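Below: one structure, written as C-alpha cells.
Not measured: the values here are computed from a predicted model. The basis for the numbers below is simple: all heavy atoms, side chains too, and nothing from hydrogens, waters or symmetry mates. Note on naming: letters A, B, ... go to the chains in the order of the sequence lines (proteins, then strands), and numbering restarts at 1 for each one.
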There are 2 protein chains.
Amino acid sequence: MYSSHLTSLARGAAHPAFALQSNELTLESLFAAQPAERLPSGAAAFWEGDPATHLLQVAEGCLRLYRVLGDGRRAVIGFRFVGELIGISCYGSYSYTAEAVTHVRIRRITRTRLQAREQEIPEIRPLVMAKMFQEMDAAQRHIIVLGQLGAEERVAHFLVSAAMRMGGEQGEAVLIDLPMTRLDIADYLGLTIETVCRAMSKLKHHGIIALDGRHSVTVLRLSDLRSMAGDVDDLSGFHDQCALAQLPN
Amino acid sequence: MYSSHLTSLARGAAHPAFALQSNELTLESLFAAQPAERLPSGAAAFWEGDPATHLLQVAEGCLRLYRVLGDGRRAVIGFRFVGELIGISCYGSYSYTAEAVTHVRIRRITRTRLQAREQEIPEIRPLVMAKMFQEMDAAQRHIIVLGQLGAEERVAHFLVSAAMRMGGEQGEAVLIDLPMTRLDIADYLGLTIETVCRAMSKLKHHGIIALDGRHSVTVLRLSDLRSMAGDVDDLSGFHDQCALAQLPN
DNA sequence: TCAAATGTGTTACAGTTCGTTACAAACGCA
DNA sequence: TGCGTTTGTAACGAACTGTAACACATTTGA
C-alpha cells in the first residue's frame with residue numbers, strides 16, 4: 001500500500017485531516033531548510049544496513065523501499081511519494097534500501113538535527129510520532145493484504161489505494177500515475193509479474209479500469225474496484241475523534 | 001513472528017543485548033507498580049476500535065492480536081508472551097483486538113501515566129521508542145515472510161522464531177511451547193489449518209521436529225529447520241554497534 | 001540520427017502449490 | 001458416559017506460478 005497523502009487519508013482513515021494538515025506544514029518547513037538532492041532513476045538514497053543517520057523527505061518523484069533475501073528474492077516493502085518521509089521507523093541502521101523509481105529530489109535531515117529542533121519546538125515530536133503510528137498502521141494493513149487477500153484482491157486494493165492517494169472520489173474516473181514497473185508491484189504484493197498483468201487485464205476486460213501505456217491507469221468504476229479489494233480498510237469513524245484527543249507527544 | 005524476548009534477540013538481531021537488558025528492567029518496574037488483571041482464555045483485553053488509553057504488559061500467558069475483515073476473514077497480526085508489551089504502536093484507538101490464548105495475567109498503564117513517568121525519568125522514552133522500532137522491524141519482517149515465502153518456509157520460519165524465543169542454540173533439541181491453535185498459526189501465516197498441519201507433518205516425517213500433543217514441538221535439528229526458513233533474518237552484525245550509538249530519545 | 005540491444009508488459013499453455021472438502025480423532029461439558 | 005464441538009489430516013480441485021513467445025518501449029552505441 002502507498003504511504004498515504006493527506007487527501008487519501010481524508011477518506012475515513014485513522015488520522016484527522018486537521019492534524020495532518022499542520023503535520024505537513026511544520027515538518028515540511030523543517031525539511032525546506034535543507035538542500036534538495038537529485039537522484040537519477042535507479043540510484044539508491046541509502047542501502048539496507050547503512051547507519052540510519054538521516055530522515056528523508058521526498059520533494060519530487062517516487063522511491064521504492066526494498067529488502068533482498070539471502071537467496072536473491074526481493075521484497076518491496078513500500079513506495080514513497082512527494083511529501084512523504086523515509087527512514088522514520090528505522091534506528092541504528094536502515095532496515096531496507098531506498099531506491100529511486102523515477103528521477104527524484106529528496107531532502108535529508110540528520111536525526112541529531114531533528115532532535116535539536118524538537119527541543120526548540122515541542123510541537124514537532126507529536127508530528128513525528130504521528131508519522132510513526134501511520135507507518136505502523138500501514139504495515140499492519142499490508143500484512144493483512146498479503147495474508148488474507150488473493151491475487152486479484154491484492155491488485156484491486158493496490159489500485160484503490162493509488163486512487164485514494166490521487167484524491168479519487170466515488171463515481172468519477174480517476175487517473176492514476178504508476179511510475180514503478182510491474183515487477184515492483186509484484187514484489188510489493190507478493191505476486192509474480194504475470195499475475196499482476198493478468199489481474200490488470202481482467203480488470204480492463206471488465207471495464208473497471210483502462211490502461212494507457214505502462215504508467216497510467218484510469219479507474220473507471222471506483223466502487224466496483226473497491227468492492228473487489230477486500231475490506232482491509234474497514235475502519236469505524238470512531239477513530240477520527242479519538243485520534244485527535246489522544247495524540248501522543 | 002513472535003515479538004522476541006531478549007534471549008531470542010541475542011542471536012544477531014537488530015538490538016544490542018545491553019540496551020534491552022536495561023529496557024526490560026525499567027519498563028518492567030513501571031508495570032510492576034500496576035495491579036495484575038486476570039483474563040480467562042478467549043477473553044479480550046481490548047477490542048479493535050476501542051480508545052487506545054492503555055499500554056499492556058503480559059505478566060503471564062499468551063495473547064493473540066487480530067483483526068477481522070468485513071467479510072469475516074481473520075488476520076492474526078501477532079502473538080504476545082510474558083514480558084512483552086501490547087498497544088505500543090496504537091494511538092487514538094487500538095488497531096486490533098487482543099485476546100487471551102491461554103489464561104493470562106496482564107498489567108495496564110495509561111498513556112497519561114506513562115507520559116508523566118517519562119517526564120520524571122527521561123530514560124524511559126528511549127526504552128519505549130526502542131520497543132516501537134522493534135515492533136516496526138518485526139512487522140516488516142512479517143511482510144517479507146508473507147510476501148516471499150511459501151507455506152513450508154513460513155511454518156519453518158515460525159518455528160525457528162519460537163525456538164529463538166525459547167533460547168534455542170544450534171545443535172541441541174529445543175522444546176517449544178505453542179499455546180495457540182493451528183487456526184491461530186494459520187491466520188498468522190496467511191495459510192489454512194490444513195496447510196499448517198501438512199507442513200508440520202512433513203517436518204516430523206523428516207525428523208526435523210517431533211510433535212507431542214497439540215501444544216508442544218521439539219525441534220530436533222534446528223539448523224535444518226533454519227535452512228528451510230528463508231533468509232528473512234539475514235542481518236549483518238553491523239547493526240549491533242550502530243544501534244547502540246544511535247538510540248533515539 | 002538510426003539500428004541494435006536491452007528492458008518491460010502481455011498472453012497462452014503447462015506445472016505446482018495450497019485451498020476445499022471429507023472424514024477421523026480428540027477434547028470439553030452436561 | 002454420551003454428545004457436540006474443535007482440531008488434525010488426507011484426497012481432489014482451484015488458484016497461482018513458471019515457461020515460453022511475442023509485442024512494444026527505452027536505452028545504448030556507432
Throw together a table of side-chain donor-acceptor distances under 3.5 angstrom for residues 189-200 of chain A, partners on residues two or more places apart or in other chains.
{"unit_1": "A/Thr192", "atom_1": "OG1", "unit_2": "A/Thr195", "atom_2": "N", "d": "3.2"}
{"unit_1": "A/Thr192", "atom_1": "OG1", "unit_2": "A/Thr195", "atom_2": "OG1", "d": "2.9"}

Starting at [atom1] of [X] and ending at [atom2] of [N], how long is that distance when rounded to a whole Å?
X	N	atom1	atom2	answer
B/Gln148	D/dT17	CD	C1'	13 Å
B/His205	D/dT9	NE2	P	14 Å
B/Leu183	D/dT5	CG	P	17 Å
A/Arg154	D/dC16	CZ	P	8 Å
B/Leu191	D/dC16	CG	P	14 Å
A/Ile185	D/dT17	CD1	P	14 Å

Please work out if [X] contacts a base, only the sugar-phosphate, or nothing of the nucleic acid, heavy-atom cut-off 4.0 Å.
X	value
A/Leu211	sugar-phosphate
A/Gly213	nothing
A/Ser201	sugar-phosphate

Sequence-distant partners of B/Arg64, salt bridge (Lys or Arg N to Asp or Glu O under 4.0 Å), two or more places apart: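 Applying salt bridge (Lys or Arg N to Asp or Glu O under 4.0 Å) to B/Arg64 gives B/Glu99, B/Asp184.
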B/Glu153: which residues meet the side chain to side chain donor-acceptor pair (under 3.5 Å) condition with it, sequence neighbours left out?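 Here the qualifying residues are A/Arg73.
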Do you know the tightest heavy-atom contact between B/Leu149 and B/Arg154? O-NE, 2.9 Å
Report each atom pair, protein N/O against N/O of nucleotides 19-26 of chain D, whose distance is under 3.5 angstrom.
{"unit_1": "D/dA25", "atom_1": "O4'", "unit_2": "A/Arg214", "atom_2": "NH2", "d": "3.2"}

For [X], what residues pass the side-chain contact (heavy atoms from CB on, under 4.5 Å) criterion, not counting sequence neighbours?
X	result
B/His103	B/Arg38, B/Glu60, B/Arg105
A/Ala98	A/Ala45, A/Phe46, A/Leu63, A/Leu65, A/Ile86
B/Ser41	none
A/Thr97	A/Ala44, A/Trp47, A/Glu48, A/Tyr66

Taking only the side-chain heavy atoms of B/Thr181 (C-beta and beyond), determine which of D/dC16, D/dT9, D/dT7 contains the nearest atom. D/dT7
Less than 4.0 Å between a side-chain N and a carboxylate O, is that true for B/Arg107 and B/Glu37? no
Check every nucleotide of DNA chain C for an atom under 4.0 Å from a heavy-atom of chain A, then give the first and the last such nucleotide from 5' to 3'. C/dG7 to C/dC13
Salt bridge (charged side-chain N to carboxylate O under 4.0 Å, His left out) contacts touching residues 142-151 of chain B (sequence neighbours left out): none
Any pair counted as salt bridge (charged side-chain N to carboxylate O under 4.0 Å, His left out), so long as it reaches residues 204-222 of chain A, sequence neighbours left out: A/Arg221-A/Asp224
Tell me the bend of the helix from C/dT1-D/dA30 to C/dA30-D/dT1 as the angle between end helix axes, each from five pairs, rounded to the nearest 10 degrees. 50°
